[in-house]
Amino acid sequence: MKLRLETAAMDALTVRLFDAIDESNMAWIMAADTALRHAFGDALIDLVPSYTTLLIHYDCRVIAFVEATALAREALKDLQPADTQNGQLHEIPVWYDESVGPELPQVAKRAGLSVEQLIERHCGHDYCVFALGFAPGYGFMGLVDEDLATPRLKTPRRRVAAGSVGIADRQTAIYPLLSPGGWNILGRTAVPLFEYARRGEPLFRPGDKVRFMSISKAEFEAAGGDATPLEERA
């Protein structure tokens with residue numbers, strides 16, 4: 001860990017702890033999150049943890065830039081990694097099928113696997129939620145196995161169905177609502193991520209873990225899933 005403080009705005013600081021994405025970063029990121037929230041108290045407007053950094057948005061009417069910088073340095077001086085077991089484990093049922101996951105065969109072929117092996121591999125790891133962004137409730141997760149890593153689509157889709165589960169490079173994610181997107185789609189879940197986010201209670205938080213579970217089409221539809229093929233939504 002190499003602590004650096006960078007000016008992000010007149011009322012914001014970026015705390016940079018690492019230079020590369022790694023699951024082991026999150027123990028330090030979440031420890032820094034706790035320490036900074038405690039240190040800034042009522043002067044804190046928002047604190048956004050991410051892959052390698054945290055963004056501190058503070059009330060510049062309460063503390064000046066020099067004070068904020070000193071406060072951040074002091075808070076992180078003797079930082080120790082947090083217990084990553086404190087994050088919640090979410091089990092997400094996914095219907096993996098080419099009709100709702102058109103890149104399923106291509107990603108499998110690229111990895112030298114059968115579709116069944118790809119599904120087993122994607123479900124065989126507990127993914128760390130690194131950050132929230134792009135859309136309400138959208139959690140960036142990783143890291144997928146290196147041989148499953150697949151570049152983003154050259155041409156993003158204009159419409160990706162809510163609940164679509166995808167891979168881009170070594171990350172995986174779930175689209176919480178209908179939106180454009182360039183990730184490789186493998187399947188779909190009926191878990192209503194956007195509904196949680198709209199209530200101000202996103203299902204995923206940085207530091208949580210996500211485990212995907214393969215289910216049948218019948219189970220997917222019984223859970224309220226929409227089985228309309230993805231390409232019919234274009």
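Note: hydrogens, waters and symmetry copies are ignored here, and every other heavy atom, side chains too, is used. For this chain, numbers begin at 1 and follow the sequence in order.
Rounded to the nearest 0.5 angstrom, L55 CG and R16 CZ are separated by 11.0 Å. Atom CD of E6 and atom CG of L13 lie 9.5 Å apart (nearest 0.5 Å). If you take CG on L36 and OH on Y58, they are separated by 13.0 Å, rounding to the nearest 0.5 Å. Distance SG/C123 to CD/E91: 11.0 Å, rounded to 0.5 Å. Rounding to the nearest 0.5 Å places CZ of R170 at 4.5 Å from CG of L143. Here M26 contributes atom CE and C128 contributes atom SG; the two are 5.0 Å apart, rounded to the nearest 0.5 Å.
Counting heavy atoms from C-beta outward, Q106 and N184 have side chains that stay 4.5 Å or more apart. T7 has its side chain within reach of F65: a pair of non-hydrogen atoms, C-beta onward, lies under 4.5 Å apart. Here the side chains of P93 and V191 are in contact, with some heavy-atom distance below 4.5 Å. Contact annotation: the side chain of I185 approaches that of V160 to within less than 4.5 Å [non-hydrogen atoms, C-beta and beyond]. With contacts defined as side-chain heavy-atom distances shorter than 4.5 Å, the pair I29/T53 does not qualify. A 4.5 Å side-chain heavy-atom check between V165 and R188 finds every atom pair outside the cut-off. Counting only heavy atoms from C-beta outward, the side chains of H122 and L186 approach each other to under 4.5 Å. Contact annotation: the side chain of V15 approaches that of I56 to within less than 4.5 Å [non-hydrogen atoms, C-beta and beyond].
Here the shortest heavy-atom pairing between A35 and L79 reads CB-CD1, 4.4 Å. Residues I63 and A68 share a closest heavy-atom pair of CD1-CB, 3.8 Å. Contact record, P206 with M30: O-CE, 3.4 Å, taken as the closest heavy-atom pair. Minimum heavy-atom separation, R157 to W183: NH1-O, 4.0 Å. Contact detail for A227 and E221: the closest heavy-atom pair is CB-OE2, 3.5 Å. A pairwise comparison of heavy atoms in L71 and A39 identifies CD2-O, 3.6 Å as the closest pair.
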request  = Output, in order, the C-alpha distance, side-chain angles, deciding distance and verdict of side chain to side chain contact (heavy atoms under 4.5 Å, CB included) for I174 and F204.
outcome  = CA-CA 11 Å; I174 305 169; F204 304 145; 4.1 Å; yes
message = Go through it in stages, so that I can follow the logic: the residues are S50 and F140, the test is side chain to side chain contact (heavy atoms under 4.5 Å, CB included), and I'd like the CA-CA distance, side-chain angles, deciding distance and then a yes or no.
response = CA-CA 9 Å; S50 189; F140 291 88; over 6 Å; no
task = Please assess F212 against H125 for the test ring pair (Phe, Tyr, Trp, His ring centres under 6.0 Å), listing each intermediate value before the final yes or no.
result = CA-CA 8 Å; F212 295 109; H125 184 74; over 10 Å; no
task = Tell me, with the steps shown, if V129 and R205 meet side chain to side chain contact (heavy atoms under 4.5 Å, CB included).
result = CA-CA 7 Å; V129 179; R205 296 183 183 277; over 6 Å; no
task = Evaluate the criterion side chain to side chain contact (heavy atoms under 4.5 Å, CB included) for residue pair L54 and T14; output intermediate values, then yes/no.
result = CA-CA 6 Å; L54 300 96; T14 297; over 6 Å; no
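Linking Ile, Leu, Val, Met, Phe, Trp and Tyr whenever their side-chain heavy atoms come within less than 4.5 Å leaves L89 and I92 in two separate clusters. Residues I215 and L104 are members of separate hydrophobic clusters, defined by side-chain heavy-atom contacts under 4.5 angstrom among Ile, Leu, Val, Met, Phe, Trp and Tyr. A continuous path of hydrophobic side-chain contacts links L3 to V66 [ILVMFWY only; heavy atoms under 4.5 Å]. Side-chain heavy atoms closer than 4.5 Å link hydrophobic residues (I, L, V, M, F, W, Y) into clusters, and following such links, possibly through other members, connects I21 to F18. Two different hydrophobic clusters hold L76 and V48 under the rule that ILVMFWY side chains link at heavy-atom gaps under 4.5 Å.
Identified under the salt bridge (Lys or Arg N to Asp or Glu O under 4.0 Å) test for residues 34-52, with sequence neighbours left out: D33-R37. Annotation: salt bridge (Lys or Arg N to Asp or Glu O under 4.0 Å) contacts involving residues 109-123, sequence neighbours excluded, comprise R121-D145, R121-D147. Residue pairs meeting the salt bridge (Lys or Arg N to Asp or Glu O under 4.0 Å) criterion with at least one member in residues 127-140, sequence neighbours excluded, do not occur. Sorted by first and then second residue, the side-chain hydrogen bond (donor to acceptor under 3.5 Å, both in side chains) pairs involving residues 65-76 (not counting sequence neighbours) are E74-K77. Among residue pairs with one or both ends in residues 126-142, those qualifying as side-chain hydrogen bond (donor to acceptor under 3.5 Å, both in side chains) are D126-R211; sequence neighbours excluded.
Salt-bridge formation is detected for the pair D169/R152: a Lys NZ or Arg NE/NH1/NH2 atom is positioned less than 4.0 Å from an Asp or Glu carboxylate oxygen.
Ring-plane geometry between Y51 and F130 is classed as tilted, the angle between the planes lying from 30 to 60 degrees on a 0 to 90 degree scale. Classified by interplanar angle (parallel below 30°, tilted 30° to 60°, perpendicular above 60°), the ring pair W95/F220 is tilted.
Put simply, the side chain of D208 never gets that close to the backbone of G87: no donor and acceptor are under 3.5 Å apart. At distances below 3.5 Å, not a single donor-acceptor pair connects side-chain atoms of Q171 with backbone N or O atoms of A168. T172 places no side-chain N or O within 3.5 Å of a backbone atom of G142 that could act as its donor or acceptor partner.
N25 pairs by the side-chain hydrogen bond (donor to acceptor under 3.5 Å, both in side chains) definition with nothing, not counting sequence neighbours.
At most 12 non-hydrogen atoms from other residues, nucleotides or ligands lie less than 6.0 angstrom from CZ of R158.
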